[in-house]
Amino acid sequence: MSLWAAEEVIRRTVRLCRPVSQQLSLLVATSPVTSSASQKLTHVQKQSQRRAAWCLVSSARFYSQERNITDELEKVDVENEITEQRQWQAPFLKHLLQCGSPSDVLDVTRLYPPTIQQVSSSLMHMWTVAKKMPEDQRRYELQLMFKHPAFEELLQKAMRSLSLMRHEDIVYTLLSMVNLGVPQRSRVIETSLRTVQEKLNDFDEKCLSILATSLEHMEDGPNVDSLKAGMKLVVEERLLGAKNVVTLQTMMRLLGKDVPKELKWKLEKKALSMKNQFSVPNAQCMISTMATMGFYSKPLLNMCSRKIAEDLHGIPFSGLLKLLQAYKELLYRDLHLLTAISDYIASTMDIWTNKQLLPLLSVFESLAFCPAAVMEAYAEKVIANPDMLTLKDLLCVLKVYSSLNYDLQHRQQPFVDSLSRALDSHLPGISEFALLKSVYFFCLLGHFPSAPLEKLLQSSSLQQLTGSRLLKNGERMFHTVDLCLRLDRPPLPQPLTFPTSVMEVPTTSKSPLNPWLLEGLQSLLEGQEHVTLQETVMEEDFYLIDAVITKPVAGSEAGERRPPAQSGQRIAVIHAAQSMFCFGSSNPRGPLALKMRHLKILGYEPVLVSEHELQSVPEEQRTDFLRTRIFPEHHRSERRAEAELAGS
């Protein structure tokens, strides 16, 4: 017998001699974590000196919620176990890698009893093969796994071996059991949690990261809560001593969302101090980590964005999509990087599949950023082959292009015609709500396909839609389509209108005019005779105009009665939030562009005043700013007069 084996026999014999009552208390009791930080750390350190009662065996299955424990102790022959390791290790691993289901793995464990290290490998491989299966097959295979007699034996072996496993094997064992669906209140899971708590101080960053993944999928409970609190203390203790970017990011992910502001400032300072170590993958990972934490740091985001923009060609599709989704979660946008990504995708359009391009376009739209280069290149693909679009693809394309209001110029008509043909091919099986959405998007684009409109206005379709208690956006789409038919008057084979019985007047709340805008308009119009200012005017019970300025037409006399359209120049001043424009531009998005189109039809001259622009202009310059927007011809004539005076 080797020296190590002899020492192991002595150590296990001492443990077996421990009173049963003490072992029982380790299995059943849960040690709460105190509120004081120093007390918590002391508690974790003391826990690492104890061991769970791995040698107890219950007559009940280890994944049940039974707690009755027999007094029998299983004797372990260490020397025989070492012999087994040497004898069965090679064939075990060879057969394990050939297993295609959890039951196959369990069959192998019966033929070749796994060593302590191989217990963890077995459980990990069971989950690895299961997660690759379709959902229905995975559910069936897991049912077979729970009924397999070797599953209980494997869990028994896992529980007995936990205190002897390497740290990495312990956390992988816990993660695998959680993923496989072993009940959280089972003895094997709770013993695993207590073993982890004992060894927590000795875990490296990788073990802590794997442990955090396990805890994310577990319900709150005494052991889980204690581990989370202890792990947070360990992470905070090690955080500022991190020597490389990967370690820092791992620590940040472990902290999660509930991080105090003071600690976030320390994190920001620590990360910025390591900026010279950041690679492009580090920068990507940092942004994803910040999104996971809900941690917004503009200096850190700017630094990472500049780093990523240096080498976009090395980032795969999944990396780009994950990056853009993180920007969306953080409500952060970098115009330079977004433009660079758009140009890169457009320049490599041939290597991207439809399943890749559409998610990217969709997340661009959710960021309110118009990727002009991609919009141009993808429109050409659609014009060349509209049949490639499934109905889901088509709805995505319609939403993106109508929302971002991008003008394809001479390709606009061929593009919408191609989309219209694609929609016609999907009409037989389309749902009523999908039909409404597609027609609504077409209306925003200024295109009115006759076949979808006729199908939408059939009584059966209208009954389905009105009977389904549409959400508010559905009601708004209904009313928008109705307005387009009445105001745009599209040339259709037959006149189409919505029955009045299905139309309800939408409720549009009137909000008071922005005080800065009101003050600026009053100052601008001061002293101008026969010019009137109206606040919050509603048109068609749908479009709210913040202010209407009416000037008499040249040659008309005060008090002279004229029809509304001829009574004077009507300027509709629209105070628009920044979210109503495409990011980084003055281009209005779809609904605002449609509002301007309809106001022109109604005889107005719409003038957009951006909320951001109004706020950024100093108070003393606000009147001049509004004059250049509302009366540009006066502003130009004043400039010419000033130039002539200066020249003379």
Side-chain angles (χ1 to χ4, degrees), residues 317-318 320-321 324-325 328 341-342 344-458 461 465 473-474 477 480-481 484 490 492 582 589-591 593-594:
F317 158 73
S318 58
L320 286 176
L321 184 60
L324 294 173
Q325 288 171 337
K328 177 185 173 182
I341 293 174
S342 171
Y344 164 60
I345 295 172
S347 66
T348 56
M349 180 65 68
D350 292 339
I351 71 172
W352 301 90
T353 66
N354 220 36
K355 289 185 177 180
Q356 293 173 327
L357 287 168
L358 290 179
L360 288 169
L361 278 171
S362 181
V363 74
F364 274 129
E365 187 273 333
S366 67
L367 289 167
F369 172 73
C370 181
V374 179
M375 303 280 274
E376 290 277 356
Y378 190 73
E380 290 182 5
K381 290 189 70 172
V382 171
I383 293 170
N385 183 20
D387 295 334
M388 69 176 179
L389 298 174
T390 65
L391 179 58
K392 184 179 178 181
D393 295 343
L394 177 62
L395 289 172
C396 177
V397 173
L398 284 169
K399 181 183 180 183
V400 170
Y401 279 81
S402 62
S403 171
L404 297 178
N405 186 36
Y406 182 69
D407 185 9
L408 290 167
Q409 297 180 355
H410 65 278
R411 284 189 293 274
Q412 181 76 11
Q413 193 59 45
F415 176 67
V416 292
D417 287 341
S418 299
L419 294 178
S420 181
R421 288 196 299 274
L423 179 59
D424 287 346
S425 67
H426 294 295
L427 282 181
I430 195 171
S431 70
E432 284 76 10
F433 193 66
L435 178 62
L436 173 61
K437 285 197 295 184
S438 58
V439 169
Y440 167 75
F441 294 142
F442 270 118
C443 288
L444 292 183
L445 290 167
H447 187 72
F448 305 92
S450 58
L453 275 167
E454 290 174 5
K455 183 175 177 65
L456 176 65
L457 294 176
Q458 288 176 357
S461 299
L465 288 168
N473 64 331
M477 285 191 285
T480 299
V481 175
C484 288
L492 297 171
C582 291
R589 298 179 67 186
L594 178 67

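As a basis for the values below, the full set of heavy atoms in this structure was taken, side chains included, without hydrogen atoms, waters or symmetry mates.
- A distance of 11.5 Å separates CG of Leu419 from CG of Asp393, quoted to the nearest 0.5 Å.
- You'll find the side chain of Leu324 stays beyond 4.5 Å of the side chain of Ser366, heavy atoms only.
- Within the 3.5 Å criterion, the main-chain N or O of Leu457 finds no donor-acceptor partner in the side chain of Ser461.
- Partners of Ser403 according to the side-chain contact (heavy atoms from CB on, under 4.5 Å) rule, which considers only residues two or more places apart in sequence or in another chain, are Glu365, Arg589.
- One distance of note links CG of Leu444 with CG of Leu398; it measures 10.0 Å at 0.5 Å rounding.
- Atom NZ of Lys381 is surrounded by more than 12 heavy atoms from other residues, nucleotides or ligands within 6.0 Å.
- Remark: Leu445 CG to Ser420 OG distance equals 11.0 Å, nearest 0.5 Å.
- Note on ring orientation: taking the six-membered ring where Trp is involved, the planes of His447 and Phe442 are tilted (angle from 30° to 60°).
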Report task. Evaluate side-chain contact (heavy atoms from CB on, under 4.5 Å) for Leu594 paired with Thr480, printing each intermediate quantity in order. Result -> CA-CA 9 Å; Leu594 178 67; Thr480 299; 3.3 Å; yes
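- When side chains are defined from C-beta on, Leu358 does not count as touching Lys355, because their heavy atoms never get closer than 4.5 Å.
- The minimum heavy-atom distance linking Ala422 with Ser425 is given by the pair O-OG, 2.5 Å.
- The line from CG of Leu389 to NE2 of His426 is 7.0 Å long, rounded to the nearest 0.5 Å.
- The shortest distance between side-chain heavy atoms of Leu456 and Ser438 does not fall below 4.5 Å.
- Between Tyr344 and Leu320 the shortest side-chain heavy-atom distance falls below 4.5 Å.
- Here the side chains of Val439 and Met477 are not in contact, with every heavy-atom distance at 4.5 Å or above.
- Atom CZ of Phe441 is separated from atom CG of Leu436 by 9.0 Å, given to the nearest 0.5 angstrom.
- For Glu380, the salt bridge (charged side-chain N to carboxylate O under 4.0 Å, His left out) criterion is met by no residue, not counting sequence neighbours.
- Two residues are said to be in side-chain contact when any heavy atoms from C-beta on lie closer than 4.5 Å; Met375 and Val400 meet this criterion.
- Considering only heavy atoms from C-beta on, Thr390 stays 4.5 Å or farther from Asn354 through its side chain.
- Using a 4.5 Å heavy-atom threshold, the side chains of Leu360 and Trp352 count as touching.
- Among residues at least two apart or in separate chains, ring pair (Phe, Tyr, Trp, His ring centres under 6.0 Å) pairs with a member in residues 371-418 are Tyr401-Phe415.
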**Report entry** Evaluation steps, side-chain contact (heavy atoms from CB on, under 4.5 Å), between Met349 and Leu357
**Finding:** CA-CA 9 Å; Met349 180 65 68; Leu357 287 168; 3.4 Å; yes
